[in-house]
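Working notes for the structure below.
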There are 2 protein chains.
Amino acid sequence: MPTMWSNTLIPTSRQDPSDAEVPSHKLMIRAGILRRLGSGSYDYLPLGVRSLHKAMNIVRHEMDAIGAAEVFLPSLQPIELWEKTGRREAYGDNLFVVKDRHGREQALGPTHEEVITELASAYLTSYKDLPKTLYQIQTKFRDEFRPRFGILRSREFQMKDSYSFHITMDGEGGLNEAYDKHYQAYCRIFESCGLPYMPVEAEAGPIGGNASHEFMAPSPTGEDIILKSDKGNYAANVEKAEIGTREANFTAEPTATLETINTPNCPGIAEVVSLLGITDADMLKTLVFEASVKSEEDLEAEQQYEAQYTPAPREFVPDRFFVIAVVRGDHEVNEAKLLQAVKQQINPKIEAVALIEEHEAQRQEFAIGYVGPQRAVNAPLTRLIVDYDAAQPNTNPSGWVTGANQKDHHVKHFDWQRDVVSQLNKERAPIAADIRNARTGDPSPKNDGGVLEETRGIELGHIFKLGTKYSQALGATVLDDKNKHIPMLMGCYGVGVNRILAAAIECNQGHDENGIIWPAAIAPYKIVITPIKYAGEAAEAANKLANDLEAQGIDVLIDDRKERPGVKFKDADLIGIPVRIVVGDKGLANGEIEIKLRNGTNGPKGENIKLDTAIETIAKKLKSL
Amino acid sequence: MPTMWSNTLIPTSRQDPSDAEVPSHKLMIRAGILRRLGSGSYDYLPLGVRSLHKAMNIVRHEMDAIGAAEVFLPSLQPIELWEKTGRREAYGDNLFVVKDRHGREQALGPTHEEVITELASAYLTSYKDLPKTLYQIQTKFRDEFRPRFGILRSREFQMKDSYSFHITMDGEGGLNEAYDKHYQAYCRIFESCGLPYMPVEAEAGPIGGNASHEFMAPSPTGEDIILKSDKGNYAANVEKAEIGTREANFTAEPTATLETINTPNCPGIAEVVSLLGITDADMLKTLVFEASVKSEEDLEAEQQYEAQYTPAPREFVPDRFFVIAVVRGDHEVNEAKLLQAVKQQINPKIEAVALIEEHEAQRQEFAIGYVGPQRAVNAPLTRLIVDYDAAQPNTNPSGWVTGANQKDHHVKHFDWQRDVVSQLNKERAPIAADIRNARTGDPSPKNDGGVLEETRGIELGHIFKLGTKYSQALGATVLDDKNKHIPMLMGCYGVGVNRILAAAIECNQGHDENGIIWPAAIAPYKIVITPIKYAGEAAEAANKLANDLEAQGIDVLIDDRKERPGVKFKDADLIGIPVRIVVGDKGLANGEIEIKLRNGTNGPKGENIKLDTAIETIAKKLKSL
C-alpha cells in the first residue's frame with residue numbers, strides 16, 4: 001500500500017537547526033527525519049523509522065547468513081555484573097545507573113558483554129556446545145559528556161551487537177574464524193547499504209581484548225582520524241596506526257655547547273618557536289606520565305587522593321613510576337603506543353599511563369612546560385622513552401631546543417649522548433620506541449615504500465577479539481575434551497545502525513545543496529510520485545502506478561498535498577528519495593510521465609517515459625542505482 | 001535458510017523453574033525461550049525473539065493498514081514533561097527515574113503520551129494537519145513492586161503504543177473514528193496471532209481519559225476479572241462492570257428492636273458470621289473513605305502529613321469529607337463506582353476517594369471494624385452512600401447485622417428507616433447507588449434478562465479516549481477553521497506484544513502436559529524436521545525438504561543433534577512447533593516421511609505422507625492450523 005504524504009508525518013523545514021554542526025544532522029532535522037527531544041535524544045519520525053528498519057534488516061540478513069542466532073537482552077542490567085568485570089569503573093560517568101524502588105542499582109546497558117557472558121556461562125558447558133554466535137539489535141544507552149552531531153553521538157542509539165564463544169583461537173570453530181566471518185559480513189552489510197566504507201586496524205579501547213578492526217565511512221566531518229597507505233594495503237585508526245621502520249641514533253657528535261636561554265612565559269612549543277625563529281621540528285617535546293599496574297581509573301583516583309596526603313619525593317618502584325616521554329615538537333604522543341612500549345621494555349604488568357597531575361609535578365619538581373630529557377639524570381624514579389624521530393641528532397643552527405627543567409628557561413644544542421646517555425647507568429638508558437601518532441607523509445608500516453595519508457571517518461562498526469577477559473571475570477568456563485574447565489574465548493562485534501543512516505548522508509555522495517541523496521537500499525521510499533496537482537486523472541494515474549509498483553515490492557510515497565509543484569519538488573529533493581516520478585495532465589495526454597533520479601544521473605530535468613511501460617523502466621532505473 | 005538446532009541456542013530443560021507460578025512462565029523457561037537475568041528481567045533467547053518478531057510484524061501490518069505512521073521515540077524522557085502532566089506523581093514508584101551526569105532527571109518511559117504530545121504540538125498546527133495517528137513498537141520500563149508471572153508482569157516489556165490526534169469527537173477524522181479503527185485492528189491482530197480474545201469495557205485508570213476497552217485473552221491464571229453476560233452482548237472488567245437496574249428500599253418496616261450484641265475480637269465479617277450463625281449476606285459492610293478534590297496521590301500525601309499535625313475533629317467542607325460506604329457483607333466496594341457516585345450526587349469536582357487512615361479514624365472516632373451506617377447520624381462531616389443491595393430490608397431472623405460504632409460490638413435488626421433515614425436531615429439522606437463489584441449471578445446491565453458470569457483474563461491491549469488531558473497540560477493546540485487555538489483531542493492505544501506470546505501459551509489450547517502448543521502464526525518455526533538420525537540419506541532428505549519449504553516461505557528448524565530420537569521428540573513437543581516431520585531410513589525406503597501436528601489433530605502418532613508430494617501436503621496441513 002503506498003503512503004500518502006498527508007497521512008504520514010514529514011515536517012520538512014527550510015531552516016537549518018541552530019545546534020547542528022554537520023550536514024547529516026542538519027538535513028535529518030530539515031527533512032523531517034528526526035526531532036530533538038532533549039540533549040542527545042531524538043524522536044525518529046516516520047521517514048527515519050523506515051530507513052532504520054531497512055538498515056536493520058540488511059544487518060539481520062547478514063548476521064543470519066553467518067549462522068548467528070538472534071537474542072534480545074534486557075537494558076536494565078544488574079550492576080554486580082559490571083562490578084565483577086571492572087567495567088563500572090572503566091565506563092565511569094558514561095554509564096547510566098538507575099536505582100529501582102528497592103534501592104538496587106541497575107546499569108542501563110551501553111553494551112552487553114556481561115549479560116551475554118552470564119547467559120553463556122549458564123548454557124554453554126562443553127566444548128561440544130561451541131562455537132556459538134549470538135546477536136541482537138537494540139537500543140543502547142550512553143551518558144555522553146557532550147552529545148552532538150545528531151544521531152552520530154547521542155545518548156540512545158541503535159546497535160547490532162554480537163558475541164561469539166570458542167574454545168580455540170585457530171582452526172574450525174575458532175575465534176579467528178568467527179572474527180573473519182564478521183569481517184566479511186560487515187563488508188557485505190555496508191556494501192548492501194550503499195555506503196562507502198573502509199576497514200581499518202584499531203585499538204581495542206576500554207572494552208578490552210587484543211585485536212580489533214573498525215569499519216569507517218570516509219567523511220570530512222568524521223570524528224576519527226585514519227591513516228592509509230598510498231599503496232592501498234594498510235589503513236588504521238590514528239590511535240593504532242604504526243609507522244614504517246625507523247632507527248634511533250643517540251650517539252651523534254654534539255652540534256655545539258649546551259646553552260640555557262631565557263624564555264619567559266613560553267611554556268608551549270608555539271611560543272618558543274616564535275621567540276627563537278625555529279620550527280616545531282627543531283624542538284623536543286617532553287611530557288611526564290605516571291605508569292602503574294593499576295587501571296587508568298584506579299591510577300587517576302589514587303592521584304586525586306594523593307593530592308592531599310602523599311609526601312614527596314618518592315622512590316622508584318616497578319609498580320608505579322614516572323615516564324619521561326619525548327617526541328619531536330611537531331609530533332603528538334600516542335598514549336596507547338607509550339603504554340605498549342612501557343609494557344614491552346620496562347614492566348609487562350603495567351596497565352596504565354596517565355599524564356602527571358599538577359600537584360605531583362610540583363612535589364617531584366617537574367617544571368611543567370619546561371621539562372627536558374636531561375631531567376632523567378639523577379632522577380632514579382623516572383624512565384626515559386624517546387620516539388625514534390626525536391632520538392636523532394639535529395644539525396640545524398639551534399640544534400635541539402628543549403626545556404631546561406626550570407621555569408621560563410629552555411636549552412639550545414641539546415645532545416642525547418653528551419647530555420643524557422653518558423650520564424645514565426646502562427639500565428636506565430633512554431629507550432627508543434614508536435610512541436607518536438602517525439601522520440601524513442610517514443612511511444607505511446608495511447615497509448614497502450608506501451606513504452601514509454591522513455583522512456577522516458565515521459565509525460560504523462567495530463570487531464574485537466576479547467579473549468577471556470569476560471569469561472574469566474564471570475566464570476564462564478566449559479569442559480574441554482580432557483574434561484578440564486577452561487574459560488571460553490570470546491569475540492564481540494558491533495554495528496551502529498543509526499550511524500549507517502547518518503553516514504549515508506554525511507558522505508560526499510549523500511547530499512547536495514538541495515538535500516539528502518539516499519542510497520536506494522536504505523531510502524525511506526524508493527519512489528516518490530509527485531502529481532503536479534493531486535486530482536482527477538493525475539491522481540488516478542498516480543494511485544494506479546503506485547499500486548502497481550508496490551505490487552512489485554517497490555515502496556512508494558505519493559505527494560498528495562495541496563501545495564504548489566515547486567514546493568513539492570523541493571521537498572522531494574530535500575528528503576532524498578532516489579526516484580521522483582512527476583505525473584501531470586499534459587504528460588498524461590501524451591501517455592507520458594517524468595522520471596528524475598535524485599543523484600542526477602539522468603540529468604537535472606530527468607526524462608519522459610511511457611506510462612504503459614513505466615513499471616519496467618522504473619525497475620530498471622532502480623537496479624542501476 | 002533452515003536453522004540447525006545445534007547452531008542456534010535452545011536450552012530445554014525438564015525441570016520447572018522454582019519461581020514460576022503460571023504455565024506460560026514455566027514453559028517459556030523450560031523450552032529455552034527465556035532466561036531470567038534478574039527480578040522481572042528476562043533474556044529472550046532465539047526461539048523467543050522469533051515469536052516476538054512474528055507478533056510485532058502482525059501488529060505492524062494492522063497498524064499500517066489503518067493509516068498509522070510508525071515513529072520511534074526515546075526511552076529517556078525529560079522529567080519536566082511528566083511533571084507538567086502530573087504523571088510523575090501518579091506513577092510514583094512505578095516510574096524509573098535516572099539522573100544523568102549533569103544531575104538532570106530523566107524518566108525511563110513506561111509509555112509515551114508526554115513525548116508524543118510534545119512532538120504533536122510542534123508539527124500539528126492546524127485542523128488541516130488532522131487527523132493523525134502515530135505508533136511505535138518499543139521497550140517500555142516499569143518499576144513493578146512485585147514482578148511476576150515471567151513476561152506477563154516484568155520490568156521491561158515490548159509495547160506497541162499508538163496515539164491519535166483530532167479536532168472533533170465525531171464524524172470523519174474524529175476521535176471516535178480512530179478509536180473504532182483501533183478496536184477493529186486489535187481484533188484482527190489477536191485473530192491473526194491465533195489467540196482467543198475478548199474486548200471488554202474498562203476503567204480508564206491512572207492514564208486518564210473517559211472511555212476505554214481492554215482486549216483480554218481468557219485464561220484461568222489471568223490477573224484481571226471479567227464479567228460477561230450469558231447473552232453474549234456485554235463484557236467488562238470488574239473495575240468497570242455495571243449491574244442491571246436495581247431499586248433501593250429504605251422504607252420497609254423494622255423487623256425487630258435494635259439489639260446491641262457483644263462481639264469481642266470480631267472486626268471482620270467472617271468472625272461475626274461464624275459467631276452469630278448467619279450468612280455474609282445478612283451483614284452490612286461499612287467502610288469509611290475520604291473524598292477530596294485533590295488527586296488520590298495528593299490526598300494520600302495530605303493524609304500522611306496530617307498524621308502528625310491536624311487537630312481533630314474537623315468540619316464538613318464540600319472539597320474534603322468522609323464517605324460512609326455500605327455494601328452487603330458478601331459484596332465488595334468498587335472504588336471507581338464509589339467515586340463516580342460521589343461526583344454525580346455530591347460534588348462533581350471530587351477527584352479521589354481513599355480509605356481513611358488509621359490515625360484519622362481514631363481522631364474522628366470511627367471504630368474501624370465496628371462502624372455501622374448509624375454512624376452518619378449526628379456526624380455532619382460524613383455522607384452515607386449505600387449500594388442498592390444493601391439498601392433493602394432484611395427479614396431473616398437476625399435482620400441486618402452491622403457495626404455498633406463501638407469496639408467489640410455489633411447490632412442486630414438494623415433498620416434503614418428507623419435507625420438512619422428518620423434521623424437525618426433530608427439533604428443528608430443516604431444515597432443509594434451502584435458502588436459494588438459485579439459478580440457471577442448479577443443481572444446484566446443490558447437489562448435483557450442476561451446474567452453476568454465471572455471469568456479471568458490476561459490484558460493484551462487497551463484503547464483509551466484521552467480527550468484533552470495531555471494536549472491541555474502540554475499546550476498542544478491547533479488552529480480550527482475559525483482561526484482559534486484549541487487543544488487537540490487525543491486517543492491512545494496499546495498492545496503488550498510480549499504478552500501475546502505468554503497468553504498464547506497460557507490459554508487452554510496453548511499447552512498440554514508435554515509442553516507448548518504454539519499457534520502457527522507466532523510459532524518460532526512452522527516446522528521442525530526431526531531425523532531419527534541426522535546422517536546419510538536421512539540428513540540429505542531432511543536438508544532438501546527444509547530448503548524446499550523455506551523456498552515457499554515456510555520456516556524450518558532441523559534437529560541435527562546427536563541425541564536419541566526420544567529426546568528429540570520430547571524437545572519438539574516441549575518447544576511447541578506446530579508441525580513435526582520425522583525423517584527415518586525405514587520410511588525413506590518406502591518414499592515416506594511422518595507428519596505430526598502438535599495440536600494432536602492428526603492423532604497422537606501422526607501419519608505417513610509421500611515424500612515426493614510432501615511440500616503440498618505440509619502446506620495444506622499448515623493452512624488448516
Heavy-atom cut-off 4.5 Å, strictly under: side chain, backbone, both or neither for B:R60 against chain A? side chain

Parallel under 30°, tilted from 30 to 60°, perpendicular over 60°: which one fits the rings of A:F141 and B:F141? perpendicular

Side chain / backbone / both / neither for B:L124 at chain A, heavy atoms under 4.5 Å: side chain

Where the side chain of A:E156 meets the backbone of B:S75, is there a donor-acceptor pair that is under 3.5 Å apart? yes

Consider side chain to side chain contact (heavy atoms under 4.5 Å, CB included). Of A:L73, A:L119, A:L81, which one does B:L37 pass it with? A:L81

Could you tell me whether a side-chain N or O of A:D93 sits under 3.5 Å from a main-chain N or O of B:R101, the two making a donor and an acceptor? no

If you count heavy-atom pairs under 4.5 Å between each of B:L45, B:L52, B:I116, B:L47 and chain A, which one has the most? B:L45

Part of B:Q158 within contact of chain A (heavy atom distance under 4.5 Å): side chain

Distance in Å, A:F72 CZ paired with B:N498 CG, rounded so as to fall on 0.5 Å steps: 9.5 Å

Between A:D143, A:V97, A:V49, A:V115, which has the largest tally of heavy atom pairs under 4.5 Å with chain B? A:D143

Taking every non-hydrogen pair under 4.5 Å, which of B:L76, B:V98, B:T8 racks up the most with chain A? B:L76

Closest non-hydrogen atom pair, A:A65 against B:M1: CA-CE, 4.0 Å

Nearest-0.5 Å distance, CD1 of residue B:I10 to OH of residue A:Y123: 12.5 Å

Quick check on B:D129 against chain A: is it the side chain, the backbone, both or neither that has a heavy atom closer than 4.5 Å? neither

What part of B:L34 is in contact with chain A, defined as an atom under 4.5 angstrom from a non-hydrogen atom: side chain, backbone, both or neither? backbone

How long is the span from the CD1 atom in B:I137 to the NE2 atom in A:H53, to the nearest 0.5 Å? 7.5 Å

Distance in Å, B:K128 NZ paired with A:S6 OG, rounded so as to fall on 0.5 Å steps: 13.0 Å

Counting only heavy atoms closer than 4.5 Å, note whether B:T139 contacts chain A via side chain, backbone, both or neither. side chain

Counting heavy-atom pairs under 4.5 Å with chain B, the top scorer among A:S154, A:G92, A:P78 is A:P78

Leading residue by heavy atom contact count with chain B [cutoff under 4.5 Å; candidates A:R50, A:Q136, A:E144]: A:E144

Please classify the contact between B:K99 and chain A as side chain, backbone, both or neither, with a heavy-atom cut-off of under 4.5 Å. backbone

Nearest heavy-atom pair of A:L9 and B:K132: which atoms, and what distance? CD1-CE, 4.3 Å

Out of B:P74, B:A69, B:A68, return the one with the most heavy atom pairs under 4.5 angstrom to chain A. B:P74

Under a 4.5 Å heavy-atom cut-off, does chain A meet the side chain of B:Q106, its backbone, both or neither? side chain

Show your working on side-chain contact (heavy atoms from CB on, under 4.5 Å) between B:D43 and A:V71 and close with a plain yes or no. CA-CA 7 Å; B:D43 302 333; A:V71 296; over 6 Å; no

Measure distances from B:L95 to the heavy atoms of chain A and classify the residue's part below 4.5 Å as side chain, backbone, both or neither. neither

